[in-house]
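Down below is the structure, laid out as structure tokens.
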Amino acid sequence: MVSLKGMIIRCSSIIPEIREAVFKCLICGYYTDPVVVDRGKITEPSVCTKEDCKAKNTLSLAHNRCRFADKQIVRLQETPDEIPDGGTPHTVSLLMHDKLVDSGKPGDRVEVTGIYRAMSVRVGPTQRTVKSLFKARITYIDCLHLKKTDKSRMQTEDAMEVDEPSTKEDYVLPDNSVMVDKLKELSKEPHIYDRLTRSLAPNIWELDDVKKGLLCQLFGGNALKLATGANFRGDINILLVGDPGTSKSQLLQYIHKLSPRGIYTSGRGSSAVGLTAYVTKDPETGET
């Protein structure tokens with residue numbers, strides 16, 4: 001059993017995994033008792049269990065009577081602040097089952113506890129015989145517990161710490177009406193822009209113009225679409241240039257704590273491998 005920290009970079013769609021299989025006889029139509037799947041293998045009975053039939057090799061899998069469980073494949077990557085300068089971040093696959101499905105989203109920093117396993121490799125695509133040796137790259141972690149680590153940032157409740165309701169009537173959505181009313185009252189104040197500026201990084205004096213620019217970046221702009229068909233994105237990009245010791249990194253770290261999906265990097269890490277976006281095909285799920 002291992003425990004490691006990282007950031008989720010990819011989540012697959014929910015995959016149904018068979019847990020109990022039921023077979024149907026093609027001659028008499030009799031359904032067998034559920035067969036439990038053992039380590040991914042289904043022991044198919046060769047003879048019909050009905051006493052009046054006892055036909056051999058006439059059983060077929062009845063999908064609508066089998067029991068399935070939710071399964072999800074998640075890719076976990078080292079956090080950018082723990083990668084050495086100029087290094088490449090390492091990734092590992094996680095297998096989520098049942099309650100753990102959709103407990104984390106891409107961009108969440110989590111601490112995972114699970115069992116480190118190796119996946120067997122078949123001799124050929126059409127053969128069931130597996131090799132006696134395991135490849136080092138075909139490994140995964142069977143996740144048992146997932147916990148979101150960075151509590152200083154805006155995060156939702158931990159999915160593992162919330163008890164499941166017994167019925168749908170017991171589940172109550174969180175009431176955010178009080179927070180919405182407070183935000184509406186603040187928006188009516190005439191000096192709300194200056195108030196937000198003073199609230200941003202209050203331990204750093206002055207630099208009001210820089211703070212206003214960072215506030216605009218947090219809120220974002222409006223996307224424009226002209227009559228000619230040209231589109232302008234509402235994203236705002238900011239370049240901070242100044243002498244050493246002018247609190248550039250301190251301001252960015254404060255913004256990083258406010259942004260739930262932000263990634264902070266500085267120095268050589270900004271030019272290292274891992275910050276460039278690219279499109280690839282996942283060999284496990286086939287998704288791009």
Side-chain angles (χ1 to χ4, degrees), residues 4-10 75-91 104-112 147-158 176 178-224 232-278:
L4 68 158
K5 297 180 181 180
M7 183 176 63
I8 299 177
I9 59 173
R10 187 187 303 118
R75 295 289 293 178
L76 190 72
Q77 186 182 43
E78 287 182 290
T79 53
D81 52 353
E82 296 180 357
I83 302 173
D85 296 338
T88 304
H90 297 279
T91 58
K105 298 180 181 179
D108 290 343
R109 288 167 170 80
V110 297
E111 181 179 359
V112 178
K147 180 181 179 181
K148 296 181 180 179
T149 55
D150 204 345
K151 296 296 184 180
S152 62
R153 306 172 70 186
M154 294 186 299
Q155 299 282 1
T156 57
E157 293 183 350
D158 190 356
N176 297 325
V178 178
M179 183 66 68
V180 173
D181 294 338
K182 289 183 179 179
L183 292 176
K184 289 182 178 180
E185 292 179 0
L186 289 174
S187 63
K188 298 178 182 179
E189 294 187 5
H191 304 290
I192 184 62
Y193 196 21
D194 297 332
R195 185 173 178 180
L196 288 175
T197 305
R198 293 193 302 268
S199 301
L200 182 66
N203 57 338
I204 300 175
W205 292 81
E206 301 299 333
L207 301 178
D208 292 340
D209 294 337
V210 179
K211 293 180 180 180
K212 290 180 180 179
L214 293 174
L215 278 174
C216 292
Q217 185 186 31
L218 281 176
F219 285 97
N222 296 325
L224 298 178
F232 293 93
R233 294 178 296 176
D235 302 331
I236 299 176
N237 300 321
I238 293 180
L239 174 64
L240 295 181
V241 181
D243 296 331
T246 52
S247 304
K248 297 188 300 296
S249 298
Q250 296 295 327
L251 287 172
L252 294 181
Q253 288 180 0
Y254 193 89
I255 297 298
H256 172 249
K257 292 181 179 180
L258 294 177
S259 178
R261 295 290 184 269
I263 297 177
Y264 176 78
T265 179
S266 62
R268 295 182 182 179
S270 59
S271 59
V273 179
L275 293 180
T276 304
Y278 63 95

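Not measured: the values here are computed from a predicted model. Residues take their numbers from the sequence shown, with the count starting at 1.
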Would you say E189 and R195 make side-chain contact, with heavy atoms under 4.5 Å? yes

Does CG in N222 sit with more than 12 non-hydrogen atoms of other residues, nucleotides or ligands closer than 6.0 Å? no

First locate atom NZ of K212, then atom CG of D194, and finally report the distance between them rounded to the nearest 0.5 Å. 5.0 Å

Note: Y254 and S199 closest approach over all heavy atoms is OH-O, 3.6 Å

Considering all heavy atoms of both residues, which atom of I204 and which atom of K211 are nearest to each other, and what is their separation? O-NZ, 2.7 Å

Non-hydrogen side-chain atoms of K147 and V112 separated by less than 4.5 Å: no

Atom pair CH2 (W205) and OG (S247), whose distance is rounded to the nearest 0.5 Å: 13.0 Å

In terms of heavy-atom contacts, K248 and L240 come closest through CD-O, 4.1 Å

So CG of D209 and OG1 of T197: to nearest 0.5 Å the spacing works out to 9.0 Å

For residues L196 and I192, determine if any side-chain heavy atom of one lies less than 4.5 Å from a side-chain heavy atom of the other. yes

Rounded to the nearest 0.5 Å, the NZ atom of K148 sits from the CD atom of E111 at a distance of 14.0 Å

Pairwise distance OG1(T91) to CD1(I8) - rounded to 0.5 angstrom: 13.5 Å

Could you grab the distance from atom CD1 of I9 to atom CE of M7, nearest 0.5 Å is fine? 7.5 Å

Heavy-atom nearest pair, L76 first then G6, reads CD1-C, 3.7 Å

Donor-acceptor pair, side chain of T246 and main chain of G242, under 3.5 angstrom: no

What heavy-atom pair brings Q217 and N237 nearest, and what distance separates the two atoms? NE2-CA, 4.4 Å

What are the two closest heavy atoms between L251 and A201, and how far apart are they? CD2-CB, 3.9 Å

